[in-house]
> 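Here it is: the structure, laid out below.
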Amino acid sequence: MKNKKIIVGITGGIAAYKAAVFVRLLIKEGAEVQVVMTEFAKKFIGTLTMATLSKRPVLSQFFNPENGDWNSHVDLGLWADALVIVPATANTMGKAANAVADNLLVTTYLSAKCPVFWAPAMDLDMFKHPAVNKNIKILKSYGNHFIDADLGELASGLVGKGRMAEPETIVSYLKNFFNIDKKLEGKKIIVTAGPTHENIDPVRFLGNRSTGKMGYAIANELEKHGAEVKLISGPVDIKCQNSNIELIKVQTAQQMYEACKEDYSQCDIAIFAAAVADFSVKNKSNSKIKKQTEELSIKLVPNVDIAKEMGHIKKNNQLNIGFALETDNEMFNAKEKIKNKNFDFIVLNSLKDKGAGFEYDTNKISIIDKNNNVENFELKSKTDVAIDIVKVILKYYNL
Ligand code: CTP
């Protein structure tokens, strides 16, 4: 974190006391810190404490009341390498998501060109509220990062999700993000992501519920470590924000296979995170199938198994990682897939686990290697799951 310029935004929640430890840790790591506080934050922690720890005067108003100076949110936004909001209240997240620019922190947020990190903290029922979740979703869609709140006892005395992540966790998240040592530099990596769509006729297709979030998160994490990443993606709603990642968009399993085949022999690692359709339609109609009263049968033919085909031509110096999304006999099926598809590792997620699978921003995984060693992980955001998966890769290469 040496010489990294960090704006720490503090908002009005009881977890604001943890912001003091957070700033202290950043300074210890060699970062330059500018604290921006909302008016409510000052009720929870003193500006003198924060100014002393950060070694700079705290900013909280558009004008400096003593000398009438203008605190330029534009300059602040351009100065920073990261903006971290610790703790993030429902109020400030709501304002940021909707551009309600009525304080210095939100205007700084709107002017910032740097990555933004939110460490939310609030009571469990607020956290569950659809309005809060909607705002978090909006902020995520802008590419903002979230350091998920923990489960535990809350200031209200209730127990649930809402405790702000510990300052040490937030610092290590940032260190990981900036990932000063590019350990995967020189490695060429293919990642498949998303569903595939198999046409029935020009307006209809067979698909599945995959969102592509897991594959995109893995691609981002690999790129942060300096890898040369090719992301072969089926149709998804998310945008690849990272211009260093080469994005190849495909529709069908056959197209995904062809894109993989083209690059596989030169790649070091292939990660098959896509939920490839197992079948495509035998006789696709070139014109729209019209409504009819009788039953309609559609004949399906098996698709190429991309991972298995790449497994056949895999060389000793290549690493193949597969995914298994299972509903029953999870471990058995995952181990079978390792053998059948010549994977070195498989990432198993079970639809029986709450919060795991396609439609969530979270996932709960186990990673199994080809010698049947199993590592189980907690339920985490998909970004954090990607960090765990990349750690396994780094360990494999002794990096
Ligand atoms: N896979 C693939 N090409 C396919 C089907 C699957 O590359 N046509 C890959 C997936 O990306 C994943 C792994 O194989 O990494 C396992 O996929 P999964 O759908 O769980 O398994 P299937 O082999 O399709 O078996 P089943 O659907 O019966 O569980």
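In listed order, ligands and their atoms are each counted from 1. Note that this is a predicted model, so its numbers are computed, not measured.
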> Could you check whether Lys187 makes a cation-pi contact with Tyr397, meaning its NZ or CZ is under 6.0 Å from the centre of the six-membered ring and within 45° of the ring axis?
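Yes, Lys187 and Tyr397 form such a contact.
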> Just jot down the ligand 1 atoms closer than 4.0 angstrom to any heavy atom of Gly322, in number order.
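So the atoms of ligand 1 that pass are 15 (O).
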> Does Lys308 approach ligand 1 within less than 4.0 angstrom via side chain, backbone, both or neither, non-hydrogen atoms only?
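Looking at Lys308 and ligand 1, no heavy atom falls under 4.0 Å.
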> Any nitrogen or oxygen of Val276 lying under 3.5 Å from a nitrogen or oxygen in ligand 1? Just yes or no.
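Checking ligand 1 against Val276, no N or O pair falls under 3.5 Å apart.
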> Checking Lys140 against Phe146: charged group under 6.0 Å from the ring centre and within 45 degrees of the axis?
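Judged by the rule, Lys140 and Phe146 form a cation-pi pair.
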> For atom 7 (O) of ligand 1, what is the nearest protein heavy atom, given as residue, atom name and distance?
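Looking only at protein heavy atoms, the one closest to atom 7 (O) of ligand 1 is Ala307 N, 2.9 Å.
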> Which bit of Val304 gets closer than 4.0 Å to ligand 1, counting heavy atoms only: side chain, backbone, both or neither?
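Looking at Val304 and ligand 1, just backbone atoms fall under 4.0 Å.
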> Under a single-linkage definition using a 4.5 Å side-chain heavy-atom cutoff for Ile, Leu, Val, Met, Phe, Trp and Tyr, are Leu399 and Val229 assigned to the same hydrophobic cluster?
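Per the 4.5 Å side-chain linkage, Leu399 and Val229 are co-clustered.
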> With a cut-off of 6.0 Å (strictly less than), are more than 12 heavy atoms of other residues, nucleotides or ligands near CD of Glu262?
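Not more than 12 within 6.0 Å, no.
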> Does the N or O separation between Ala273 and ligand 1 drop below 3.5 Å for any pair?
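Ala273 vs ligand 1: no N/O contact under 3.5 Å.
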> Counting from 1, what ligand 1 atoms have a heavy atom of Ala274 closer than 4.0 Å?
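Near Ala274, meaning under 4.0 Å from one of its heavy atoms, ligand 1 has 10 (C), 11 (O).
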> Tell me whether the guanidinium CZ or amine NZ of Lys337 lies under 6.0 angstrom from the six-membered ring centre of Phe343 and within 45° of its axis.
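No, Lys337 does not sit over the ring of Phe343.
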> Give me each pair satisfying salt bridge (Lys or Arg N to Asp or Glu O under 4.0 Å) with a member in residues 375-399, each pair once, sequence neighbours excluded.
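Sorted pair list: Lys380-Asp388.
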> Could you identify the single nearest non-hydrogen protein atom to atom 15 (O) of ligand 1 and state the distance to 0.1 Å?
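The closest one turns out to be Phe272 O, 2.6 Å.
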> Ligand 1 versus Asn303, non-hydrogen atoms closer than 4.0 Å: side chain, backbone, both, neither?
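Neither; no heavy atom under 4.0 Å.
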> Does the N or O separation between Asp278 and ligand 1 drop below 3.5 Å for any pair?
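Yes, Asp278 has an N/O under 3.5 Å of an N/O on ligand 1.
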> Below 4.0 angstrom, N of the basic side chain to O of the carboxylate: do Asp201 and Lys288 qualify?
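Between Lys288 and Asp201 there is no salt bridge, as every charged N stays at least 4.0 Å from the carboxylate O atoms.
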> Is there a polar contact, in the sense of an N or O pair closer than 3.5 Å, between Lys341 and ligand 1?
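Yes; at least one N/O pair falls below 3.5 Å.
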> Would you call Glu29 and Lys2 a salt bridge, using N to O less than 4.0 angstrom?
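Between Lys2 and Glu29 there is no salt bridge, as every charged N stays at least 4.0 Å from the carboxylate O atoms.
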> Could you say whether the N/O atoms of Ala277 and ligand 1 ever approach to under 3.5 Å?
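The answer is no, given that Ala277 and ligand 1 share no N or O pair closer than 3.5 Å.
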> Check contact between Ala253 and ligand 1, using heavy atoms of the residue and a distance below 4.0 angstrom.
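Not so, Ala253 does not reach ligand 1.
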